[in-house]
Amino acid sequence: MSEEQWTWQCDHVIPNDAGAGRRILDELLRELEADHWIQHDIYSVRLAVEEALVNAIIHGNQLDSNKRVRISCRVAPELVRVEITDEGEGFNPAAVPDPTDPKRLELPGGRGVMLMRAFMSQVKYNAPGNCVVLEKERERAK
Amino acid sequence: MGRPAQQRYNVLPGWVNLPKRSSLVAEYQRLDVNKVGDVTVVRFRDPKIIEDINIQELGREMFRLVEVDHCEKLLLNFSSVDFLSSAALGKLITLDKKVKAHDGTLKLSNIRPEIYEVFAITKLNRLFDIKDDEADALAVF
């Protein structure tokens with residue numbers, strides 16, 4: 001999508017702190033609410049961005065307070081895109097084991113990437129795996 | 001002259017048999033804990049269970065119900081919860097293990113559709129016994 005179609009956008013570099021990221025997320029969600037996106041879409045964006053943010057801070061930046069997280073948000077009439085980049089070494093998302101495997105079902109973690117994929121229209125990682133782009137296409141009210 | 005006490009009870013016999021709901025403990029910060037009969041009913045004070053520090057505290061309080069207060073029949077009522085992260089799911093899984101280790105029973109109820117979707121996608125709806133509402137859950141303990 002070309003840049004001029006975005007109706008709202010923001011770009012931030014934040015400390016390695018989830019609270020700072022959640023303030024940006026809340027700002028984005030307020031924008032979607034003001035634009036009358038349906039609640040399920042808003043829930044989906046909250047869930048995916050929350051999981052991606054926590055992954056960046058904990059797994060990517062290893063809770064290192066000297067590292068930063070870059071967050072870019074774009075809203076168009078029919079699409080929202082959020083890009084989250086950490087300063088870690090990245091990971092291979094294809095190598096994340098299936099958390100619904102019966103042998104893994106009772107493990108307390110490992111569901112974040114799966115939930116992002118389930119609730120968003122598209123989830124893409126860069127080659128090192130330290131940057132994720134989340135996209136949600138607007139669902140029309142039935 | 002007023003009615004005899006016995007006659008008043010006969011008018012409303014159901015009151016006599018209803019399980020008492022009583023506040024169990026006041027020391028929980030993240031949970032509202034009540035006893036309904038022999039079932040411990042737990043509600044969450046935070047509508048959004050997101051922040052790590054809150055989730056850790058929530059975990060400690062839920063685990064205390066099992067390990068310190070020895071609650072054997074536990075019902076988590078999610079009616080007040082409109083969002084929870086996957087980290088919170090992790091605490092629920094650990095709670096389930098602790099309840100089973102103590103030969104107890106854990107049920108969940110009043111989960112809003114978006115959150116139930118999370119349980120279904122992750123197949124945790126197979127791990128947990130999830131009922132539509134509190135009355136349904138209380139009926140099958």
Side-chain angles (χ1 to χ4, degrees), chain A residues 16-26 29 32-33 37-59 61-63 65 96-120 123 136 139 142, chain B residues 46-63 66 76 78-102 104-106 108 110-130:
Chain A
N16 202 40
D17 167 55
R22 287 187 187 118
R23 284 190 285 278
I24 297 167
L25 173 57
D26 286 343
L29 298 180
L32 299 182
E33 283 175 1
W37 284 56
I38 65 169
Q39 281 304 309
H40 189 269
D41 283 347
I42 291 172
Y43 185 92
S44 301
V45 173
R46 181 190 287 281
L47 180 69
V49 174
E50 172 67 30
E51 297 294 338
L53 192 60
V54 168
N55 281 353
I57 291 167
I58 296 178
H59 301 300
N61 285 347
Q62 302 279 306
L63 295 171
S65 59
V96 176
D98 178 3
T100 66
D101 182 327
K103 293 192 291 289
R104 307 190 66 84
L105 193 60
E106 294 190 41
L107 295 181
R111 295 174 179 81
V113 174
M114 179 190 209
L115 288 171
M116 281 187 256
R117 292 194 192 284
F119 278 86
M120 298 302 274
V123 176
K136 183 69 179 174
E139 186 181 330
K142 290 169 184 150
Chain B
D46 299 311
K48 292 183 172 53
I49 304 174
I50 304 174
E51 292 179 30
D52 185 59
I53 188 165
N54 293 354
I55 291 172
Q56 298 306 327
E57 197 176 331
L58 187 69
R60 279 194 296 274
E61 292 193 359
M62 290 194 300
F63 303 160
V66 179
L76 305 183
F78 283 82
S79 58
S80 61
V81 178
D82 55 41
F83 184 88
L84 56 81
S85 70
S86 69
L89 292 178
K91 291 297 177 193
L92 296 178
I93 292 166
T94 305
L95 175 69
D96 183 61
K97 287 181 187 168
K98 288 179 185 291
V99 169
K100 285 173 179 163
H102 285 76
T105 307
L106 174 67
L108 281 53
N110 300 80
I111 296 178
R112 59 178 282 175
E114 290 92 341
I115 297 179
Y116 186 82
E117 200 177 340
V118 170
F119 280 85
I121 288 165
T122 55
K123 297 188 180 173
L124 289 174
N125 57 340
R126 298 179 184 181
L127 181 67
F128 294 106
D129 187 4
I130 300 175

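FYI, side chains are in, hydrogens and waters are out, and symmetry mates aren't considered; it's all heavy atoms of this structure.
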Whatever's closer than 4.5 Å to a heavy atom in chain B on A:Glu106 counts as both
Of all heavy-atom pairs linking A:Met114 and B:Ile121, the shortest is CE-O, 3.4 Å
If you tally heavy-atom pairs under 4.5 Å between each of B:Arg126, B:Glu51, B:Lys91 and chain A, the highest tally belongs to B:Glu51
Q | Worked check of side chain to side chain contact (heavy atoms under 4.5 Å, CB included) between B:Glu114 and A:Leu47 | A | CA-CA 10 Å; B:Glu114 290 92 341; A:Leu47 180 69; over 6 Å; no
So, the part of A:Leu107 with a heavy atom under 4.5 Å from chain B: the answer is backbone
Requested in this report: Decide side chain to side chain contact (heavy atoms under 4.5 Å, CB included) for A:Gln39 and B:Asp82; before the verdict, give the C-alpha distance in whole Å, the side-chain angles of both, and the deciding distance to 0.1 Å.
Outcome: CA-CA 11 Å; A:Gln39 281 304 309; B:Asp82 55 41; over 6 Å; no
Turns out that what part of B:Leu84 lies under 4.5 Å from chain A's heavy atoms comes down to backbone
Applying a strict 4.5 Å limit to non-hydrogen atoms, the region of A:Arg22 in contact with chain B is side chain
Among B:Ile93, B:Leu92, B:Leu127, B:Leu89, the residue with the most heavy-atom pairs under 4.5 Å to chain A is B:Ile93
Under the criterion side chain to side chain contact (heavy atoms under 4.5 Å, CB included), I'd like the reasoning laid out for A:Phe119 against B:Val118: C-alpha separation, chi angles, the key distance, then a yes or no. CA-CA 9 Å; A:Phe119 278 86; B:Val118 170; 3.7 Å; yes
Whatever's closer than 4.5 Å to a heavy atom in chain B on A:Leu115 counts as side chain
Here the gap from B:Ile50 atom CD1 to A:Leu53 atom CG, rounded to the nearest 0.5 Å, amounts to 10.5 Å
What one should report as the nearest heavy-atom pair of A:Glu50 and B:Ser85 is CG-CB, 4.4 Å
When the 4.5 angstrom heavy-atom criterion is applied to B:Thr94 and chain A, the contacting part is side chain
